[in-house]
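Since the structure comes first, as structure tokens, the remarks are kept for the end.
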Amino acid sequence: MKKIENANLKSYNTFGIEGYCKNMIIIEQEKDIQLFFDHDYQADERYFVLGGGSNVLFSDFFKGTILHISTDDIQKREETDQYVLLNVAAGTPWEKVTQYALENHLYGIENLAGIPGNTGSCPVQNIGAYGVEVKEVIDKVEGFYLHSGEPFMLTNSECAFGYRNSIFKTKLKNSCLITSVTLRLSKIEKYTLHYADLKKRIDESLQNLSLQSVTDAILMLRNSKLPDVKEVGSAGSFFKNPIIGQEHYHRLLIEFPTLKAFSTNSGEVKLAAGQLIDLCDWKGYREGDAGVWANQALVLVNYGTATGAAILALCKKIQRSVYEKFCVYLEAEVYLL
Ligand code: EPU
């Protein structure tokens, strides 16, 4: 276990924002968890559990303790003719898991290739891309309650997954240390190719469908729209796609007939936040080092030395202009700390 006072968070967030926290505790191996609860946990301290830092915007200073898990392990727990259960330690980079699945011919997460971040965070916001959400393959999530140090194990249904949502963002917000995620991956070849852009790419360029070719198409698609966090700081989609009522949608359609819309289980309509921001002419906008990505308006970027406050100010301007034009409030998907 490592303890750092006044830790610099720049290398712990994909936005590349310079920020500090009062304390940082890095849990490097399983036995550190017990050590932490026995010796370091303080009931009156504010804790924030940080994974790969790919969905967070830091302000200048966090007056609490950041807990960061860096355990890195993938273990096969069960195997049948149909599926494999993989227990993945929370600190394992998600890209390592999609690579493992690719190398071992396991299906279900190929559409989620290229998503930055660590596995422990994937159930929190139920990561999703190109027609697949991680909830479709999560068997269980294990960890510890911060307030008691007691272990927990939540089954898929107990995680209450929704669009970019789960129990870890609602009832259990900021109160759990997730230590591992168990995934149920299929050994039966099956792909999810209905997402319009993916279908087009597959139809155009892929003769032989395989795990490798689908993964390649996904990565090409991602790279064509999203910045590489190793080159330009970002946290992926900054906002959630907003869900509005049918009546509101039909009123908007009269003035904006090109609006993209996706139906939801509740009968409401999910709009594309990127398109709304785009229609407000923010795409490619830059103010100092804070900007809006030119290929996908849903992504705010740090070109170098933008502060958390500058990104937040841009976020608020965008929220205001989208609200004024469409009467739609864009909720941040990124966790604002
Ligand atoms: N659009 C525009 N202008 C833009 C951006 C998008 O008109 O600047 C339109 C597109 O043409 C498209 C629609 O909006 O018709 C949807 O765009 P896209 O397919 O890029 O997907 P998205 O809804 O903007 C979501 C996820 C992404 C994920 C993609 C692909 C959220 C908040 N974002 O974006 O996830 O990669 O779908 O499945 O749901 C992330 O969460 O960090 C993330 C990148």
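Whatever order the structure lists ligands and atoms in, that order sets their numbers, starting from 1.
Per-residue contacts place Lys283 under 4.0 angstrom from the following atoms of ligand 1 (heavy atoms of the residue considered): 3 (N), 4 (C), 8 (O). Listed by number with element, the atoms of ligand 1 under 4.0 angstrom from any heavy atom of Gly236 are 42 (O). In the vicinity of Lys260, heavy-atom distances shorter than 4.0 Å reach the ligand 1 atoms 11 (O), 15 (O). Near Ala272, meaning under 4.0 Å from one of its heavy atoms, ligand 1 places the atoms 13 (C), 14 (O), 16 (C). Atoms of ligand 1 lying under 4.0 Å from any heavy atom of Asp278, numbered from 1 in the order shown and given with element: 2 (C), 3 (N), 4 (C), 7 (O), 8 (O).
Checked by distance only, ligand 1 and Glu333 come closer than 3.5 Å through their nitrogen or oxygen atoms.
For the residue pair Asn165/Gln125, the side-chain donor-acceptor check at 3.5 Å is not satisfied. The closest side-chain donor-acceptor pair between Glu324 and Ser321, if any, does not fall under 3.5 angstrom.
For atom 31 (C) of ligand 1, the choice among Tyr163, Phe239, Trp282 with the nearest heavy atom turns out to be Tyr163. Here the shortest heavy-atom distance to atom 43 (C) of ligand 1, taken over Gly131, Ser54, Ala129, Ser237, belongs to Ser237.
A 6.0 Å sphere centred on NE2 of His105 holds no more than 12 heavy atoms belonging to other residues, nucleotides or ligands.
The protein heavy atom nearest to atom 23 (O) of ligand 1 is Asn241 ND2, 2.8 Å. Looking at atom 37 (O) of ligand 1, its nearest protein heavy atom turns out to be Tyr195 OH, 3.7 Å. From the protein, the heavy atom lying nearest to atom 38 (O) of ligand 1 is Tyr130 N, 2.5 Å. Scanning the protein heavy atoms around atom 1 (N) of ligand 1, the nearest turns out to be Gln275 N, 3.7 Å.
Between Asn6 and Phe61 the shortest side-chain heavy-atom distance falls below 4.5 Å. Proximity of Glu79 to Leu85: side-chain heavy atoms (C-beta onward) are nowhere separated by under 4.5 Å.
For His147, the ring-ring contact (aromatic ring centres under 6.0 Å, His included) partners two or more places apart in sequence, or in a different chain, are Tyr145. In terms of the ring-ring contact (aromatic ring centres under 6.0 Å, His included) criterion, residue partners of Tyr107 (sequence neighbours excluded) are, by chain and number, Tyr191.
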- Start with the C-alpha distance between Glu333 and Tyr335, add both sets of side-chain angles, then the distance that settles side-chain hydrogen bond (donor to acceptor under 3.5 Å, both in side chains), and finish with yes or no. CA-CA 6 Å; Glu333 195 221 326; Tyr335 196 94; over 6 Å; no
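Residue contacts with ligand 1 include Arg164, since one or more of its heavy atoms lies under 4.0 Å from the ligand.
Under 4.0 angstrom from ligand 1, the non-hydrogen atoms of Lys225 all belong to its side chain. Counting heavy atoms closer than 4.0 Å to ligand 1, residue Gln296 contributes atoms from both its backbone and its side chain.
Across every non-hydrogen atom of Phe58 and Tyr12, the tightest pair is CE1-O, 4.3 Å.
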